[in-house]
Engineer: 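I am attaching a structure below and will ask some questions about it afterwards.
FYI, side chains are in, hydrogens and waters are out, and symmetry mates aren't considered; it's all heavy atoms of this structure. Not measured: the values here are computed from a predicted model. Lettering of chains follows the sequences in order, A, B, ..., and the numbering in each one begins at 1.
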Amino acid sequence: MTTSNGPERGDGSPSEENTDPKSDGRPSNFIERLIEEDNKTGRFGGKVHTRFPPEPNGYLHIGHAKSICLNFALAIKFGGKCNLRFDDTNPTTEDEEYVRSIQEDVRWLGFDWEDRLFYASDFFEELYAFAVKLVRKGKAYVDNLSADDISRHRGSLYEPGRESPHRERSVEENLDLLARMRKGEFDEGTHVLRAKIDMASPNLNLRDPVLYRIRKAAHHRTGTRWVIYPLYDFAHGQCDSLEGITHSICTLEFENHRALYDWFCQELEIHHPQQIEFARLNLTYAVMSKRKLLRLVKDSHVHGWNDPRMLTISGLRRRGYTPEALRSFCDEIGVTKFNSVIDMVVLENALRTDLNRRAPRFMAAVRPLKVVVENYPEGQSEEVEAINNPEDPAAGMRKMPFSRVLYIERDDFMEDPPKKFFRLAPGREVRLRYAYFVKCTGVVKDPTTGEVVEVRCTYDPATKGGDARDGRKVKATLHWVSASHAITAEVRLYNHLFSAEHPEDVPEGQDFLVNLNPNSLEVLPNAKLEPAIAGAAPGFRCQFERLGYFCVDTDSRPGRLVFNRSVTLKDDWSKIQKRDGA
RNA sequence: UGCCGGAUCGUCUAAUUGGUAGGACAACAGACUCUGAAUCUGUGUGUCGGGGUUCAAGUCCCUGUCCGGCAACCA
């Protein structure tokens, strides 16, 4: 066997080396420029330490991948480190399951936090001490206004807020109240700790933000040890500080929180990282918010978080995406503060580019159409040699069985073809890749439906291997499989989950679900595959020639392979069809 | 009516910080081709508007317009 690249697991590693960020020296985005500036002035002693800080309340998606790549690549590029930190300050929404999946996803993407795995909950004691310090300084107070009242006192975007009647409690009373909050003496919602800043600030985040709330819920790590939990603003920056983060990179919606971030670091007199905001990733034909993804899962519009139509990392992984493709995508789209929407084809193209280079090719008729080669002896078969990967000579060759009855792709035959169709049609000759030229002599139709159920052909023995020695040309080369040797598999074709380019643009009163694409999944239970692929294991990726890149799904069972279409090949013919408005 | 941020080809993104507006993707055309793939070649009236400074402005100043975010005891 000359095959050197047979089906094997495609989830992993040997060839999937980490592609480091471009190191052409020049900063490639505004964040790198800011860091270079800090390094020049010695602001952090030339140190660069970033972190990826997910909340374990959902699965990671492609937007997180952008952040992960950014943070880890920055650390690599500047010779620093990047931590993984779970921002687990809200016990009611967080779960161990997410902690597990997030770590798996970050690792799969190719990044390593080494021994620097942190949890905000690791710092609950320190955070509490910070709160006490603030109270002692007269910069925080316990309020027992209701949530509604606090909200009402906050004012509006256009009017200043009003101070709480409890704002001027004594330090002693505040200390006492805070201690009793911690001890669990009060019910949820009755008391909060608030910073004392400025109820008239034009930045609403500075209107005495809540620092701690009472939540008598079990935390996935600290159990019932705590009944008060810090809010994001009071946890995030201080955790950054405690971990020695230098550059705290987050998305644009936290821009207005930076003033608070800075205020805490100053008042607490602790190491003060620089918060830098960038625009989150948006893609056409997709939604990205965790809330909406959760909705898709909970309402069963998809089959779970790792449904291959989901742009979660686990969904993309199952779909057949490679870490390399995702990384190069993230690199390609850049980092700015501009609220942009990336065309989905950019993502798809990143996968094509990666897989074209290294995916072995196979033949598969996913919508098989029977072809009988009339002048090929019944019961006879032979083997033809096929190239495993024309982009990679080292991938070698394999043999494919050829015989009298074959399957071709239904789309490759038309009884009455339009002008630009140059595949098989009555009277026309085409090449069966690596095998022979065949000429269509007729069709057999279903007498009731009129549907073509069989194509009749003759082959030219002189064209063996696919070459016509007489210099004869054909306009098309088709993929095919031998019917008696083929294996049957299920193939799942995926299309955009949403049919609208911007699914969230909906008329008043409707929501993004109206834009769900009813044809996002098409299951073809009777695809015919060449036998060489029979042993493929889940995760194995390959190209089905002329169709696209596919991978073996985890739903596969012995004797029953299931393939996911990861992405189609580019297809000029379908473009012509669309343009000529078929 | 407030605060913060943003605006460069269709889309994303560069521009040595005041000195030839470039790349990628898309699109189109062609070459090549045993994948209508890949590859190669070619194709662009793009700096939000109006003023100003300057020999020179995407970059600086003034002014306007449009877009996004912000009023959880979520992150």
Side-chain angles (χ1 to χ4, degrees), chain A residues 26 28-29 33 53-55 57-58 87-90 92-94 143 145-148 150-152 154-161 188-194 201-207 209-215 228-229 231-233 235-236 250-259 277 279 284 290-291 332-343 345-350 352-353 356-357 361 363 386-387 390-391 420-423 430-435 437 463 465-468 474-479 543-548 568-576:
Chain A
R26 310 184 55 74
S28 65
N29 59 53
R33 238 178 334 262
E55 183 189 14
N57 69 344
D87 224 331
D88 56 350
T89 58
N90 185 356
T92 60
T93 59
E94 293 151 8
D143 199 351
L145 247 26
S146 69
D148 277 353
I150 287 178
S151 171
R152 270 188 286 275
R154 186 148 29 230
S156 76
L157 294 178
Y158 318 112
E159 308 154 317
E188 283 188 18
T190 59
H191 294 69
V192 292
L193 182 72
R194 299 178 71 179
S201 172
N203 180 345
L204 307 235
N205 293 122
L206 264 21
R207 320 245 262 226
V210 174
L211 273 30
Y212 268 94
R213 79 292 217 185
I214 299 169
R215 198 109 311 166
I228 59 172
Y229 293 92
L231 276 95
Y232 167 84
D233 285 309
H236 199 96
C250 62
T251 44
L252 252 25
E253 68 270 28
F254 293 103
E255 211 150 17
N256 294 338
H257 292 246
R258 192 175 60 236
E277 311 85 11
T284 57
K290 268 192 200 174
R291 214 197 93 252
E332 201 173 313
I333 58 176
V335 180
T336 64
K337 303 189 72 149
F338 176 62
N339 235 309
S340 62
V341 183
I342 309 286
D343 197 321
V345 302
V346 177
L347 211 213
E348 296 174 342
N349 212 266
R352 288 191 189 102
T353 302
N356 174 53
R357 185 167 51 86
R361 313 267 130 148
M363 298 220 206
I387 296 167
E391 305 291 322
K420 285 174 183 154
F421 182 88
F422 44 80
R423 277 110 96 143
V430 298
R431 171 169 35 235
L432 295 180
R433 188 152 156 91
Y434 302 129
F437 284 15
T463 56
D467 278 319
V474 287
K475 290 182 83 173
T477 299
L478 308 189
H479 60 274
Q543 181 192 109
F544 288 163
E545 293 216 19
R546 304 207 307 131
L547 296 177
T568 61
L569 253 30
K570 280 192 205 162
D571 184 1
D572 276 349
W573 168 235
S574 76
K575 262 194 313 208
I576 292 167

Engineer: Is there a donor and acceptor pair closer than 3.5 Å between the side chain of A/Arg546 and the base of B/G36?
Structural biologist: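 Between B/G36 and A/Arg546, which were checked side chain against base, a qualifying N/O pair under 3.5 Å is absent.
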Engineer: Within the structure shown, what part of the strands sits under 4.0 Å from A/Val192 by heavy-atom distance: base, sugar-phosphate, or nothing?
Structural biologist: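 Base contact.
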Engineer: Identify whether any heavy atom of A/Thr284 sits under 4.0 Å from a base atom; if not, whether one sits that close to sugar-phosphate; answer base, sugar-phosphate or nothing.
Structural biologist: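 No contact at all - A/Thr284 keeps every heavy atom at 4.0 Å or more from the nucleic acid.
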Engineer: For nucleotides B/G2 and B/U53, find the distance between their C1' atoms and express it as a whole number of Å.
Structural biologist: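 Per the computed distance, 32 Å lies between those C1' atoms.
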Engineer: Considering every strand and a 4.0 Å limit on heavy-atom distances, what is the contact class for A/Tyr229: base, sugar-phosphate, or nothing?
Structural biologist: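 No contact at all - A/Tyr229 keeps every heavy atom at 4.0 Å or more from the nucleic acid.
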Engineer: Base, sugar-phosphate alone, or nothing: which one does A/Gln543 contact when heavy atoms must sit under 4.0 Å apart?
Structural biologist: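 Answer is base: heavy atoms of A/Gln543 come under 4.0 Å of a base.
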Engineer: Any base atoms under 4.0 Å from A/Leu547, or only sugar-phosphate, or nothing? Heavy atoms, all strands.
Structural biologist: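 Since no nucleic acid heavy atom lies under 4.0 Å of A/Leu547, the category is nothing.
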Engineer: Should the ring pair A/His257 and A/Phe254 be called parallel, tilted or perpendicular, given that the plane angle runs from 0 to 90° and is split at 30 and 60?
Structural biologist: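 Perpendicular: the ring planes of A/His257 and A/Phe254 meet at over 60°.
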Engineer: Tell me if the centroids of the rings in A/Trp573 and A/Phe422 come within less than 6.0 Å of each other.
Structural biologist: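 So the answer is no for these two rings.
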Engineer: Determine the Euclidean distance between corresponding C1' atoms of B/U59 and B/G52; express it in Å to zero decimal places.
Structural biologist: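 One C1' to the other, the span is 15 Å.
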Engineer: I'd like the C1' distance from B/C67 over to B/C28, given in whole Å.
Structural biologist: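 Looking at atom C1' only, B/C28 and B/C67 are 31 Å apart.
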Engineer: Does A/His479 contact B/A37 through a side-chain donor or acceptor facing the base, at a distance under 3.5 Å?
Structural biologist: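 Per atom types, no contact qualifies.
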Engineer: Quick check on RNA chain B: between A/Glu545 and A/Asn205, whose nearest nucleotide comes earlier from the 5' end?
Structural biologist: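 Nearest nucleotide further toward 5': that of A/Glu545.
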Engineer: Distance check, P atoms only: B/C61 and B/G23, in whole angstrom units.
Structural biologist: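 It comes out at 29 Å once rounded to the nearest Å.
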Engineer: Mind calculating the distance between CG (A/Asn90) and P (B/A75) to the nearest angstrom?
Structural biologist: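 Value for this atom pair: 5 Å.
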Engineer: Write down the distance between CZ (A/Phe254) and C1' (B/G6), rounded to a whole number of angstrom.
Structural biologist: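 Between C1' of B/G6 and CZ of A/Phe254: 18 Å.
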Engineer: Strictly below 4.0 Å: does A/Lys570 bring a side-chain N or O up to OP1 or OP2 of B/U35?
Structural biologist: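 It does not, given that no N or O in the side chain of A/Lys570 lies less than 4.0 Å from OP1 or OP2 of B/U35.
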Engineer: Just call it for A/Glu55: base, sugar-phosphate, or nothing, with non-hydrogen atoms closer than 4.0 Å on any strand.
Structural biologist: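 It contacts sugar-phosphate atoms only.
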Engineer: Look at A/Thr336 and B/U13 and indicate whether a side-chain polar atom (N or O) is within less than 4.0 Å of OP1 or OP2.
Structural biologist: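 True: A/Thr336 side-chain N/O within range (under 4.0 Å) of B/U13 OP1/OP2.
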